[in-house]
Amino acid sequence: MILHGVRAIYLRETLILRRKLVKTLLASAVSPALFLLAFGYGVGRGAQVGGVDYLAFLLPGLLTMSSMNQAYSIATEINISRFYFKVFEEYLLAPLHRWQIIIGETCYGITRGLIPVVIIGIYSLLCGVNLQFSPLFLLALLLHLAIFALLGFIAAMIVKSHSDQATINAFLITPMMFLSGTFFPVEQMPLAIRAVASIFPLTYSTQLIRATLTPEATVDYALFAVLGGILIILFLMAKRIVAKVEI
Amino acid sequence: MICAEAISCNGRPCEIEVQGLTRRFGKTLAVDSIDFRVGRGELFAFLGPNGAGKTTTINMLTGLLKPDAGEVRYQGERFDPHRLAVKRLIGVVPQHNNLDRELTAAENLLIHGRLFGMSGKGLQQRIGSCLEFADLTAKRDTPAGKLSGGMKRKLVIARALLHQPEILFLDEPTVGLDPHSRRKMWAFLRRINQQQQCTVFLTTHYIEEAEALADRVLIIDQAKIIAGGTPEQLKRSAGNYVLDIYREDEVQNEFFADRPAALQRLEQLDTSVRIRETTLEDVFLQLTGKRIAP
Ligand SMILES: Nc1ncnc2c1ncn2[C@@H]1O[C@H](COP(=O)(O)OP(=O)(O)OP(=O)(O)O)[C@@H](O)[C@H]1O
Ligand SMILES: [Mg+2]
C-alpha cells in the first residue's frame with residue numbers, strides 16, 4: 001500500500017494525542033474563554049460590527065485563531081521529537097517517500113485543529129450566537145487547518161533548535177493572531193497594519209471562515225482560490241525542505 | 001596502516017562496501033575518506049574513542065546524513081536513500097534510545113511495523129516474537145518510558161529487528177548498561193547474528209567489547225581508520241607478547257612476536273618488568289599513543 005507511511009505517522013501521532021486528550025481539550029478551552037470574556041463581554045459589549053453583534057463577529061474569529069494555534073502547534077511536537085527524543089529519525093529511516101511525512105503530519109495538524117472547533121461550538125451555544133456549520137464552512141476550515149499545519153511542519157524542519165521555534169512564534173504567530181481580523185475588522189486598522197495583515201494567511205482564512213459561519217454574510221468565493229494557492233505553495237516548499245533534511 | 005584483511009570481505013560475499021566516505025561539519029572533519037568492506041553475516045565492530053566519527057559514519061551508511069564525498073554500496077548496488085527497497089534491508093539501533101515514551105512496548109513496535117508497510121496478523125505475530133526474543137513479553141503493555149535502561153535498549157533492538165533486516169547497525173549498543181547486563185547483551189547480539197543470520201555492524205568505545213564479540217574490528221581515531229582485522233590479527237601485528245616495563249614515572253610497553261623473544265629481553269632488563277599476552281587495548285595504545293577507556 002503506497003500510503004502506508006502517511007497512515008503510520010498519523011497513527012503514531014493520534015495514539016499519543018489520545019493519551020493526553022483531556023489535557024489538550026482543557027488547555028485549548030481556556031484561552032478562547034478568556035478572550036471571550038475580555039473582548040466579548042468587556043471591551044465590545046453591546047457593539048455592532050459589520051452589521052452583527054460583536055459576539056457573533058468575535059466567535060468565528062476565535063474559532064479560526066484557536067484552530068490555527070492547534071494546527072500550528074505540531075511544530076513544537078515535531079521539534080521535540082526531532083531534537084530531543086529523536087523519534088523523527090524513525091520516519092527518515094523507514095522505506096517511505098518523504099512527502100508522506102508531510103501529509104501524515106498535516107493530517108495530524110488538521111485533527112488537532114478540530115478540537116477548538118468543538119469548543120467554540122459549545123461556547124457559541126452558551127452565548128446564544130447562531131453559527132452555521134455548513135459544508136462550505138468545512139471546506140474553508142480544512143484549507144485553513146492544512147495551511148497552518150504545513151506552516152508548523154516547515155517551521156519545525158527549518159529551525160536548528162528549540163529556541164529558534166520560540167522566535168518564530170514571537171515574530172510570526174503572535175502578530176498574526178492580533179492583526180488578522182480576529183478581534184476587529186482589518187479595514188478599521190491603519191493602512192500600514194492593513195498592508196502587513198494582507199500578507200498573513202490568517203487574514204484570508206478568518207474572513208472566509210467568518211463569512212461561511214455567519215448566516216447573514218455573503219461568501220467571497222475567490223478566497224477559496226487564495227487559500228488553495230497558499231496551500232499548494234506551502235506544500236511545494238515543505239517538499240523541497242524535507243528532501244534536504246538531515247536528522 | 002590498513003591491514004589487507006580490512007578491505008577484503010573476509011572470504012564472504014560483500015554486504016557493505018565503503019569507499020572514500022567523507023563528511024565535514026563546518027570546519028570539523030568528522031569522517032575522513034574511510035574505506036572498508038563488511039562481509040555477509042559478519043559481526044563487525046567499529047572501535048573508536050569519543051568523537052572519532054562512529055555515529056557520523058553510521059548516519060551516512062543509513063541515509064540520515066549525506067556524505068560530502070565517497071560512496072556506499074549494499075550488495076554491490078550504490079546506496080541511494082531515496083530508493084526505498086534498500087531501506088528494508090537495514091535495521092538501525094541509534095546511540096540514543098529514541099522510543100515513544102508514552103506508547104507501550106508493543107505500540108512502539110506496531111508503529112515501526114506500519115512505517116515499514118507491515119500490517120494485520122503478520123505484524124502482530126512479528127511483534128509477539130520480537131518481544132519474546134528480547135525477553136520483553138511481560139512488558140508488552142508497559143509504556144516505554146517506564147522500562148529500565150537495559151529493557152529500553154533491548155526494545156530499541158527488537159524494534160530494529162521487527163522488519164527482518166539483513167543488516168543491523170548498532171551504535172554503542174551497551175552504553176549505560178551495568179557489567180552483568182552488558183554480558184547478557186553480548187550474548188543477545190551473538191544470537192541475533194547467528195539465529196537471525198543478520199550482518200551486524202556495531203560501534204563501541206569498549207575495547208573488550210570489540211575483542212569479545214567481533215569477527216573483525218576496524219579502529220577509527222580522529223576521523224581516520226588506523227587499523228583493521230580480526231582481533232587475533234591485530235594482536236599478532238603488534239606482537240603477541242608484551243612487556244610492561246616499570247620506569248620511574250611511567251610504564252613502557254615493548255612488543256614481541258613470541259614468548260621466548262620476550263623472555264630474552266626480560267633477562268636484559270634490571271627494572272621491574274611484567275610479561276603478558278597482548279590485548280587489543282595494547283594494540284590501540286600502540287597505534288594511537290593514547291588510552292581509549294572511558
Ligand atoms: N551535527 C553535528 N554538527 C557539528 N559537528 C558534529 C555533528 N555531529 C558530529 N559532529 C562532530 O563530528 C565529530 C565526530 O562525531 P561523532 O558523533 O561521529 O563521533 P562518535 O565516534 O560517534 O563519538 P561518541 O563515541 O562520543 O558517540 C566530532 O568532532 C563531533 O563534534
Ligand atoms: Mg557516537
Side-chain angles (χ1 to χ4, degrees), chain A residues 1-24 74 76-105 107-108 112 157 160-161 239-247, chain B residues 23 25 55-56 58-68 80-104 106-120 123 143-145 152 156 159-160 162-163 165 167-169 171:
Chain A
M1 174 67 188
I2 186 160
L3 289 179
H4 70 85
V6 174
R7 293 194 306 170
I9 290 169
Y10 186 74
L11 176 67
R12 182 236 168 203
E13 302 292 8
T14 48
L15 268 179
I16 293 176
L17 179 63
R18 240 182 278 172
R19 297 285 137 87
K20 49 184 188 192
L21 190 59
V22 176
K23 241 179 4 189
T24 312
I74 65 167
T76 311
E77 291 188 16
I78 297 174
N79 229 292
I80 293 173
S81 93
R82 194 168 155 221
F83 292 115
Y84 190 64
F85 293 119
K86 305 194 190 267
V87 183
F88 197 73
E89 276 177 33
E90 274 280 286
Y91 298 166
L92 298 180
L93 289 169
L96 46 92
H97 293 287
R98 289 192 172 180
W99 55 261
Q100 295 198 7
I101 306 178
I102 308 177
I103 297 188
E105 295 289 4
C107 290
Y108 169 59
R112 283 197 73 128
M157 289 301 110
K160 297 266 184 288
S161 71
K239 200 159 166 272
R240 276 183 75 121
I241 292 169
V242 80
K244 290 200 200 116
V245 149
E246 296 187 318
I247 24 169
Chain B
R23 171 74 196 214
F25 293 106
T55 300
T56 307
I58 286 205
N59 285 343
M60 287 191 284
L61 292 179
T62 55
L64 291 178
L65 285 176
K66 288 188 194 80
D68 289 322
D80 171 3
H82 294 289
R83 301 252 303 272
L84 304 185
V86 66
K87 292 185 146 183
R88 292 179 199 279
L89 292 181
I90 299 175
V92 181
V93 176
Q95 190 164 350
H96 183 104
N97 286 336
N98 60 347
L99 294 162
D100 273 315
R101 305 150 59 89
E102 301 94 336
L103 301 186
T104 65
E107 284 168 339
N108 269 283
L109 299 186
L110 173 78
I111 299 298
H112 180 90
R114 292 291 196 86
L115 284 168
F116 277 76
M118 303 161 74
S119 60
L123 175 57
K152 282 192 190 116
V156 177
R159 187 184 66 186
L162 190 80
H163 60 281
I167 310 165
L168 182 64
F169 289 96
D171 200 351

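Order of the sequence lines fixes the chain letters, A, B, ..., with proteins taken first and strands second; residue numbering starts at 1 for each chain.
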| query | Just how far is it from atom CG of B:Leu115 to atom CG of A:Leu96, taken to the nearest 0.5 Å? | reply | 6.0 Å

| note | Honestly, the part of B:Leu99 sitting under 4.5 Å from a heavy atom of chain A is backbone

| request: May I ask you to name which of B:Ile90, B:Leu65, B:Leu110 has the most heavy-atom pairs under 4.5 Å with chain A? | output: B:Leu65

| Partner chain B: residue of A:Ala8, A:Gly104, A:Pro95 with the largest heavy-atom pair count (under 4.5 Å) | A:Pro95

Below 3.5 Å only, please: all the donor-acceptor pairs between chain A and chain B, one per line.
{"residue": "A:His4", "atom": "ND1", "partner": "B:Arg114", "partner atom": "O", "Å": "3.2"}
{"residue": "A:His4", "atom": "ND1", "partner": "B:Leu115", "partner atom": "O", "Å": "3.2"}
{"residue": "A:His4", "atom": "ND1", "partner": "B:Gly117", "partner atom": "N", "Å": "3.4"}
{"residue": "A:Arg12", "atom": "NE", "partner": "B:Asp100", "partner atom": "OD1", "Å": "3.2"}
{"residue": "A:Arg12", "atom": "NE", "partner": "B:Asp100", "partner atom": "OD2", "Å": "2.8"}
{"residue": "A:Arg12", "atom": "NH2", "partner": "B:Asp100", "partner atom": "OD1", "Å": "2.5"}
{"residue": "A:Arg19", "atom": "NH1", "partner": "B:Glu102", "partner atom": "O", "Å": "3.3"}
{"residue": "A:Arg19", "atom": "NH1", "partner": "B:Glu107", "partner atom": "OE1", "Å": "3.0"}
{"residue": "A:Arg19", "atom": "NH2", "partner": "B:Glu107", "partner atom": "OE1", "Å": "3.4"}
{"residue": "A:Arg19", "atom": "NH2", "partner": "B:Glu107", "partner atom": "OE2", "Å": "2.8"}
{"residue": "A:Tyr84", "atom": "O", "partner": "B:His96", "partner atom": "NE2", "Å": "3.4"}
{"residue": "A:Lys86", "atom": "O", "partner": "B:Asn98", "partner atom": "ND2", "Å": "3.0"}
{"residue": "A:Glu90", "atom": "OE1", "partner": "B:His112", "partner atom": "ND1", "Å": "2.7"}
{"residue": "A:Leu92", "atom": "O", "partner": "B:Lys87", "partner atom": "NZ", "Å": "2.7"}
{"residue": "A:Ala94", "atom": "O", "partner": "B:Lys87", "partner atom": "NZ", "Å": "3.4"}
{"residue": "A:Glu246", "atom": "OE1", "partner": "B:Arg23", "partner atom": "NH1", "Å": "3.3"}
{"residue": "A:Glu246", "atom": "OE1", "partner": "B:Arg23", "partner atom": "NH2", "Å": "3.1"}
{"residue": "A:Glu246", "atom": "OE2", "partner": "B:Arg23", "partner atom": "NH1", "Å": "2.8"}
{"residue": "A:Glu246", "atom": "OE2", "partner": "B:Lys66", "partner atom": "N", "Å": "2.7"}
{"residue": "A:Ile247", "atom": "N", "partner": "B:Leu64", "partner atom": "O", "Å": "3.3"}

| query | Which of the residues A:Leu92, A:Val245, A:Leu93 is involved in the greatest number of heavy-atom pairs with chain B at under 4.5 angstrom? | reply | A:Leu93

